[in-house]
Colleague: 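Got a structure for you, questions after.
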Protein chains: 2
Amino acid sequence: MPTLADVGKAAGVSRGTVSNVFNRPELVRPELRERVEAAARALGFGGPDPKGRLLRDGKFNAIGFMPPGAYAIAEVMRSPYGRELVLGASLACDEAGTTLSLVNGTDNTRFASIREALVDGFILGHSADIGLITSAQRRRLPFVILESDAGPDINSIKIDGRSGAVAAVRHLTELGHRHFGILSIRRTPGPPIVHMPGQAKRPLLAGFPLDDERLDGFKQGLAEANLSIDDVPIIETTPGDPSVGAVVFDNVPEATAILTMSDWQAITILDEAVRRGIEVPGHVSVIGFDGTAESARTTPPLTTIAHDVIGKGRLAARMVLDNEPPRQVVLAVELVVRASTAAPRAKIR
Amino acid sequence: MPTLADVGKAAGVSRGTVSNVFNRPELVRPELRERVEAAARALGFGGPDPKGRLLRDGKFNAIGFMPPGAYAIAEVMRSPYGRELVLGASLACDEAGTTLSLVNGTDNTRFASIREALVDGFILGHSADIGLITSAQRRRLPFVILESDAGPDINSIKIDGRSGAVAAVRHLTELGHRHFGILSIRRTPGPPIVHMPGQAKRPLLAGFPLDDERLDGFKQGLAEANLSIDDVPIIETTPGDPSVGAVVFDNVPEATAILTMSDWQAITILDEAVRRGIEVPGHVSVIGFDGTAESARTTPPLTTIAHDVIGKGRLAARMVLDNEPPRQVVLAVELVVRASTAAPRAKIR
DNA sequence: ACCATAATTTGGAGCGCTCCAAGAATTTTG
DNA sequence: CAAAATTCTTGGAGCGCTCCAAATTATGGT
């Protein structure tokens, strides 16, 4: 690999002049410039190596996106929510002329990834692991954490998940539902875990603020209707796991309404319902969470607790890019009623 | 920002030892290690700066994805096709522990982006601009170009677009269709451009191999049924432009079948059909291209010319990562018949 | 011609790190 | 207990570049 110095030698000029030819050509006399360019071509020199510039300037011109939980980037890209988040971030990056780096952080390499990522700042997906934040802080780069409570010194953006969850339950109880099933989020790899009422050690606190808050909202909403969450089956499942539908219908046949924590989970239920000839919302109502574009395209279109996911991603990127004093943003959620919820009509089977 | 040297001074050891503490802790005596770690903590040193290591090692551990055409990354993320491509690439990156950098290349900054991206290789979206390839070659990094003919010295992956287009037309003519509309891809920003038969300067060669090839396939397929593409209206439109549906139905009311170059275009047509009460496939058949996941979820599900988009993205990343001798891969396409195509039943209006 | 002024070009000084050969300290061996 | 072997630590040599003050060369006015 030829370097600036090599080209300089070949053209009989100094390193600095070659640098100028490439970066500020107006500074160098046209004929000389041409001679240098010729030398560069002859040597197959394709321009100053970014590595050198980088060390000198110290700017990567990139921000990193780190997946939430223990997910890999590919899993983020699969999920409707993740895609909109990344889309939003890329929108802001497009505007700023910055690169968006999708940083892979598998469980154990997560901290190392943060330490070594070639970025000027981070968007961190939510995490139960406080160490992540410490890691990010150590790096002394601007960062924002999504869907986590991280205190006043740290940039964070979250939605009002509790209100959203309450609104979801209210909507359903107002329609007359009394028998529910709840889909919470499984944070480790594996099949759905069914927690029936009365069973010990129900996952009422998963450790992830996102999940806990929504579960708490469900609890509150149920309480308002004189129902107890303790009587409601909870199924922990990875969003997108296609097997959850079967698990739900097999284990919670009496439910007339399914509360979820993501549109993707709700969509999975819809798919299984079609397979079994169960009508939505005739036999069972399903409510999503997040209000992704996908939720509007399903059959029937999903009722969901929506927020501006793209806007969230975009704001996150902007906060990192702008590097202003830390702030904590809480985004509003909105119940969007579509066609997947209705008054209960008949029991399944 | 403290450096290795600073920490070394504070701990009374050398730069090298501090480096070892962080990178090969087993090489340094536990008590010394602790002293160094304490000093690092005290100084708020969060580990060796990746910039330095980078210059030294020369590896970014990242590959860059550059959007096709003149699109920005955000546009890629919006498109079903683009998302699956990125998903595929991220899958390979996950496996390899590499970062995927979404490199922004707006028209004029495109070449500069290639010159300066902090990556070890590139996935280039297709382009009509040969300069892109030259740029990439100059950088002397492994790269692969998608959906372009770039000769035997260059990694490329493309689908057999011609056969796909022929198959699409055949499917429709076999169903009895004789009146078509074609959606080709507009490569500049702006609203749909309608090219009616007989008009001069129809975009039969857009300069993009991808478009040209498919158009050529449509032509061939039509010819097989004794139809001429010269009699078929062609509408150039950016995939995803929601206005194209109206343009199509207003300008080509006699068409009983719409050929497209992407699922997204087809989906847009579907949306407008719903709005106008036009039945698909009753009044008009619509056929997509690419076979993205979205195409299976529409109402009605789209008939489409499918290929393994995720696999393509994954293979692309692998080729860059593996850096083997250049090869040219042509991926098979497959006609997937779903419910958006049927025999023509009635004329619209 | 000659000097002031303007236009170009130069090369040193890092940017922060890792590698590595060599030196220092410690432990083992005969 | 000295010599040999082993374990640790050190600091020089870059990695390739950009910035900048200083040196060199060209231009212009008298």
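Proteins get letters first, then strands, A, B, ... in listed order; numbering begins at 1 in each.
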Colleague: Would you mind checking if B:Arg29 and B:Glu31 are paired as a salt bridge, meaning a charged N to carboxylate O distance below 4.0 Å?
Modeller: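 A salt bridge links B:Glu31 with B:Arg29.
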Colleague: Report the residue (A:Gly47 or B:Gly12) whose heavy-atom-nearest nucleotide on DNA chain D is the more 5′ of the two.
Modeller: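 Per heavy-atom nearest nucleotide, the more 5' residue is B:Gly12.
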Colleague: For A:Lys51 and C:dG14, what is the distance between atoms NZ and P respectively, to the nearest whole Å?
Modeller: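 Between P of C:dG14 and NZ of A:Lys51: 24 Å.
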Colleague: Starting at CG of B:Leu118 and ending at C1' of D:dC17, how long is that distance when rounded to a whole Å?
Modeller: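 It is 13 Å, rounded to the nearest whole Å.
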Colleague: Whole-Å distance between D:dT9 P and B:Leu4 CG?
Modeller: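 Whole-Å distance recorded here is 15 Å.
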Colleague: Look at B:Arg29 and D:dT9 and indicate whether a side-chain polar atom (N or O) is within less than 4.0 Å of OP1 or OP2.
Modeller: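 Indeed, a polar side-chain atom of B:Arg29 lies that close.
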Colleague: With the threshold set at 4.0 Å, does a side-chain nitrogen-carboxylate oxygen contact exist between B:Arg187 and B:Asp211?
Modeller: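 Yes, charged N to carboxylate O under 4.0 Å.
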Colleague: Quick one: label B:Phe45 by what it contacts on the DNA or RNA (base, sugar-phosphate, nothing), any heavy atom closer than 4.0 Å.
Modeller: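 Touches sugar-phosphate only.
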Colleague: Could you tell me how far apart B:Glu116 (CD) and D:dG16 (C1') are, to the nearest whole angstrom?
Modeller: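 From B:Glu116 CD to D:dG16 C1': 14 Å.
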Colleague: If you only use heavy atoms from C-beta on, which nucleotide in C:dT18, D:dG16, D:dT9 is closest to the side chain of B:Leu55?
Modeller: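 Within the option list, the nearest is D:dG16.
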Colleague: Can you tell me the distance, in whole Å, between the CZ atom of A:Arg15 and the P atom of D:dC15?
Modeller: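 Rounded to the whole Å, the gap is 12 Å.
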Colleague: May I have the distance from A:Phe22 (atom CZ) to C:dT9 (atom C1'), rounded to whole angstrom?
Modeller: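 The distance from CZ of A:Phe22 to C1' of C:dT9 comes to 17 Å, rounded to the nearest Å.
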Colleague: What is the distance, rounded to the nearest whole Å, between atom CZ of A:Arg53 and atom C1' of D:dC19?
Modeller: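 Atom CZ in A:Arg53 sits about 13 Å away from atom C1' in D:dC19.
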Colleague: Counting any heavy atom closer than 4.0 Å, what does B:Leu54 reach on the DNA or RNA strands: base, sugar-phosphate only, or nothing?
Modeller: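 No contact.
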Colleague: Measure from the side chain of B:Arg56, starting at C-beta and using heavy atoms only, and say which of C:dC17, D:dT18, C:dT9 lies closest.
Modeller: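 Closest nucleotide among those given: C:dC17.
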Colleague: Please assess B:Arg186 against B:Thr188 for the test side-chain hydrogen bond (donor to acceptor under 3.5 Å, both in side chains), listing each intermediate value before the final yes or no.
Modeller: CA-CA 6 Å; B:Arg186 160 89 122 130; B:Thr188 46; 2.6 Å; yes
Colleague: Using a heavy-atom cut-off of under 4.0 Å over every strand shown, decide if A:Thr17 touches base, sugar-phosphate, or nothing.
Modeller: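 Base contact.
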Colleague: Of the options D:dG16, C:dC17, C:dT18, whose atoms approach the side-chain atoms of B:Asn23 most closely?
Modeller: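 Of the candidates, C:dT18 comes closest.
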Colleague: Between C:dG16 atom C1' and A:Arg115 atom CZ, what is the distance in whole Å?
Modeller: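 Rounded to the whole Å, the gap is 15 Å.
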Colleague: With heavy atoms under 4.0 Å as the rule, sort B:Arg24 into base, sugar-phosphate or nothing.
Modeller: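 If one applies the 4.0 Å heavy-atom cut-off, B:Arg24 turns out to touch the sugar-phosphate alone, with no base involved.
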Colleague: Salt-bridge test for A:Arg53 and A:Asp57: reply yes if a basic N is under 4.0 Å from a carboxylate O, no otherwise.
Modeller: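 Salt bridge between A:Arg53 and A:Asp57, a charged N being under 4.0 Å from a carboxylate O: no.
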Colleague: Given D:dC19, C:dT10, C:dT18, which nucleotide is nearest the side-chain atoms of A:Ser14?
Modeller: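 Of the options given, the side chain of A:Ser14 lies nearest C:dT10.
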Colleague: So does A:Asn20 get a side-chain nitrogen or oxygen closer than 4.0 Å to the phosphate oxygens (OP1/OP2) of C:dT9?
Modeller: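 The answer is no; no side-chain N or O of A:Asn20 sits under 4.0 Å from OP1 or OP2.
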Colleague: Any salt bridge linking B:Glu147 with B:Lys312? Criterion: basic side-chain nitrogen under 4.0 Å from a carboxylate oxygen.
Modeller: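 Salt bridge: yes.
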